[in-house]
Amino acid sequence: KEVMADGVRAVWIWPSGLESPEEAAMHLLYVHGGAFCLGSPETHKQLSAHLSRCAEAAVLLPAYRRCPENMLTDAQGDVLAAYSWLVRRLVESTNSAAGTSDSPDSTLRDNRGDSRQHL
């Protein structure tokens, strides 16, 4: 199911047997790998569906803006916006949230240096 998470297009995937992602006991924000240059929610749907089944969790995949067409800080901002949207949706529930990525780098690390730097 596609949603807008604070202006960022995102895709929800949740375990079968549930009517909506809100019914899941746990929620994951999945930031696909690709060094903020490659990939999309569409390229990672199968992996996310597997995570959803194994963790019995709803998975939110943000479609962040990619480099080099956009700045690295744009991609990071999109991920943070999606995370904030997810947390706000869960703050009054008893559900839990976690973040994950298939990228070995630190996805949300502080980008010190030139804030206009591309990857």
Trainee: Would you check if the side chain of Tyr30 reaches a backbone N or O of Pro41 as a donor-acceptor pair within less than 3.5 Å?
Mentor: no
Trainee: State which residues pass side chain to side chain contact (heavy atoms under 4.5 Å, CB included) with Leu38; sequence neighbours excluded, sorted by chain then number.
Mentor: none
Trainee: Taking all atoms of both residues into account, what is the closest heavy-atom pair of Pro15 and Ala58, and its distance?
Mentor: CD-N, 4.2 Å
Trainee: For the backbone of Ser48 and the side chain of Ser52, can you confirm whether one donor and one acceptor N or O come within less than 3.5 Å of each other?
Mentor: no
Trainee: Should Val8 and Leu90 be counted in the same cluster of Ile, Leu, Val, Met, Phe, Trp and Tyr side chains packed under 4.5 Å apart?
Mentor: no
Trainee: Minimum heavy-atom separation for Val79 and Leu29, please, with both atom names.
Mentor: O-CD2, 4.2 Å
Trainee: Nearest heavy-atom pair of Ala55 and Leu28: which atoms, and what distance?
Mentor: CB-CD1, 4.5 Å
Trainee: Go through it in stages, so that I can follow the logic: the residues are Trp14 and Glu23, the test is side-chain contact (heavy atoms from CB on, under 4.5 Å), and I'd like the CA-CA distance, side-chain angles, deciding distance and then a yes or no.
Mentor: CA-CA 9 Å; Trp14 63 90; Glu23 293 179 3; over 6 Å; no
Trainee: Determine whether a donor-acceptor pair (N or O, by modelled atom type, separation under 3.5 Å) exists between the side chain of Asp78 and the backbone of Arg65.
Mentor: yes
Trainee: Where is the tightest heavy-atom contact between Arg66 and Glu69, given as atom of each residue plus distance?
Mentor: O-OE1, 3.4 Å
Trainee: Hey, what do you get for CD1 (Ile13) to CD (Gln46), rounding to the nearest 0.5 Å?
Mentor: 10.0 Å
Trainee: Once the angle between the rings of His27 and Trp12 is folded into 0 to 90°, is it parallel (under 30°), tilted (30 to 60°) or perpendicular (over 60°)?
Mentor: perpendicular
Trainee: For residues Ala10 and Pro62, report the shortest heavy-atom separation together with the two atoms involved.
Mentor: CB-CA, 3.9 Å
Trainee: Below 4.5 Å, heavy atoms only, C-beta onward: do Leu61 and His32 meet side chain to side chain?
Mentor: no
Trainee: Could you list the residues that satisfy side chain to side chain contact (heavy atoms under 4.5 Å, CB included) with Glu2, not counting sequence neighbours?
Mentor: Arg9, Val11, Glu42
Trainee: How long is the span from the CD atom in Glu56 to the CG atom in Leu18, to the nearest 0.5 Å?
Mentor: 9.0 Å
Trainee: Answer yes or no: is there a side-chain heavy-atom contact under 4.5 Å between Tyr83 and Val31?
Mentor: no
Trainee: What pair of heavy atoms forms the shortest contact from Trp85 to Met4, and how long is it?
Mentor: NE1-O, 3.7 Å
Trainee: Does the side-chain contact (heavy atoms from CB on, under 4.5 Å) test come out yes or no for Val3 and Leu60, once each step is laid out?
Mentor: CA-CA 9 Å; Val3 295; Leu60 183 68; 4.1 Å; yes
